[in-house]
Amino acid sequence: MGSETKRGGSEVGGGGRRLAVKLRTAKGRKTASTRWLQRQLNDPYVEEAKRRGYRSRAAFKLIEIDDKRRVLRPGIAVVDLGAAPGGWSQIAAERAGSGEGKGRVVAVDLNAFEPLPGVEVLLLDVTEAAAADRIRAALKGARVDVVLSDMASPATGHRQTDHLRVIALVEAALDIADGVLAPGGTFLAKVFQGGAGGELVARLKRSFAKVSHIKPKASRPESPEVYVLATGFRGSK
């Protein structure tokens, strides 16, 4: 693993002041693409992720959430849904100790990505009807302590449509969590636009002892994303 992450390690950057990079819209490149590239070049989390060897800046979101809420701990078993390119799986493996055989991390995604130490990769579409069965088969009947989901569908620009798509992914992730979580387990998933909807929250409250929302600082201020954290799994009802 590139560098060890410790509790309280969510601070990014340091040292001198960085100068902002400004780009002109190049011929053949759309304005939206130019804005995205400029944002990447000026994002301290992108720079720090490269420095630490993390697969994506999203790693810092999980680091911050875990530092505050203690989602991960040594020796636990974790399923990371929609894992590519592996940023969250890296942090889960470091903090569970799966690279040293102390825990287990199973990363699930439709797309293949480069292997990670201590991470088992399962290629499948989490929205397919048999997804939960395939994951249970891969786990060989073992239960896990944490189910993570940083999944998001491509944005359409229509907020209500994007919100419904994300909720559908959260519900698919929760279907899987219902089948693989051990009693007392934890579910952490990305949602949008002020958090999970009423029906989803009601379902979570039936299955978990506590449900809350959190927006890490590593989540861009302009982004509508927020995370729902459900702890104390007691089974689906």
Side-chain angles (χ1 to χ4, degrees), residues 1-7 9-10 12 40 43 45-67 71-128 130-154 169-170 172-173 175-177 179-182 185-190 216 218-219 225 227:
M1 198 69 59
S3 81
E4 184 180 0
T5 301
K6 297 180 180 179
R7 297 285 181 185
S10 59
V12 174
Q40 290 293 103
D43 189 332
Y45 289 100
V46 172
E47 182 178 319
E48 187 69 4
K50 291 178 181 178
R51 189 183 73 81
R52 297 194 191 188
Y54 293 146
R55 293 287 176 84
S56 69
R57 72 182 303 284
F60 294 105
K61 300 175 189 178
L62 182 56
I63 289 171
E64 185 180 342
I65 292 171
D66 188 44
D67 286 346
V71 175
L72 306 169
R73 62 185 184 277
I76 65 169
V78 180
V79 168
D80 181 15
L81 302 173
W88 275 31
S89 292
Q90 277 184 294
I91 304 307
E94 288 180 3
R95 297 198 167 186
S98 58
E100 294 76 44
K102 299 176 183 177
R104 185 179 187 186
V105 176
V106 177
V108 182
D109 203 285
L110 180 61
N111 301 306
F113 58 95
E114 289 296 317
L116 288 162
V119 177
E120 307 165 45
V121 179
L122 181 61
L123 297 179
L124 64 84
D125 182 350
V126 299
T127 64
E128 67 179 48
D133 290 336
R134 290 184 60 187
I135 294 172
R136 280 195 296 268
L139 292 170
K140 297 181 179 178
R143 294 277 173 168
V144 302
D145 303 285
V146 178
V147 171
L148 305 173
S149 171
D150 195 30
M151 295 187 291
S153 60
L169 289 175
V170 177
D175 287 341
I176 292 169
V180 302
L181 274 177
T186 296
F187 177 71
L188 173 66
K190 179 189 291 183
S219 178
E225 73 180 10
Y227 291 84

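Predicted model only: the values in this text are computed from it and were never measured.
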Okay, side chain of [X], backbone of [Y]: is any donor-acceptor separation there less than 3.5 Å?
| X | Y | result |
| --- | --- | --- |
| Arg95 | Arg73 | no |
| Arg134 | Leu123 | yes |
| Asp109 | Ala83 | yes |
| Glu114 | Arg55 | no |
| Arg136 | Ala142 | no |

Do [X] and [Y] come close enough that some side-chain heavy atom pair is under 4.5 Å?
| X | Y | result |
| --- | --- | --- |
| Leu169 | Ser149 | no |
| Arg104 | Val144 | no |
| Ile91 | Glu94 | yes |
| Phe60 | Pro216 | no |
| Leu81 | Ile176 | yes |
| Leu62 | Asp150 | no |
| Leu124 | Ile135 | yes |

message = If we check side chain to side chain contact (heavy atoms under 4.5 Å, CB included) with Val106, which of these qualifies: Val78, Val119, Val121, Leu139?
response =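 Among Val78, Val119, Val121, Leu139, the one that satisfies the side chain to side chain contact (heavy atoms under 4.5 Å, CB included) with Val106 is Leu139.
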How close do [X] and [Y] get, heavy atom to heavy atom, and via which atoms?
| X | Y | result |
| --- | --- | --- |
| Phe113 | Gly86 | CE1-CA, 4.1 Å |
| Ala58 | Trp88 | O-NE1, 2.9 Å |
| Leu148 | Ala92 | CD1-CB, 4.4 Å |
| Ser56 | Gly87 | OG-CA, 3.8 Å |
| Glu225 | Ser219 | OE2-OG, 2.7 Å |
| Ser89 | Ala107 | OG-CB, 3.4 Å |

request  = Measure the spacing between CG of Leu181 and CZ of Phe187 and express it to the nearest 0.5 Å.
outcome  =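 It comes to 8.5 Å.
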query = Going from CD on Glu48 to CD1 on Ile63, what distance comes out if it is rounded to the nearest 0.5 angstrom?
reply = 9.0 Å
request  = State plainly whether the residues Glu47 and Lys50 are in salt-bridge range, i.e. N to O under 4.0 Å.
outcome  = no
request  = Please lay out, stage by stage, how Leu188 and Val146 fare under the test side chain to side chain contact (heavy atoms under 4.5 Å, CB included).
outcome  = CA-CA 8 Å; Leu188 173 66; Val146 178; 5.6 Å; no
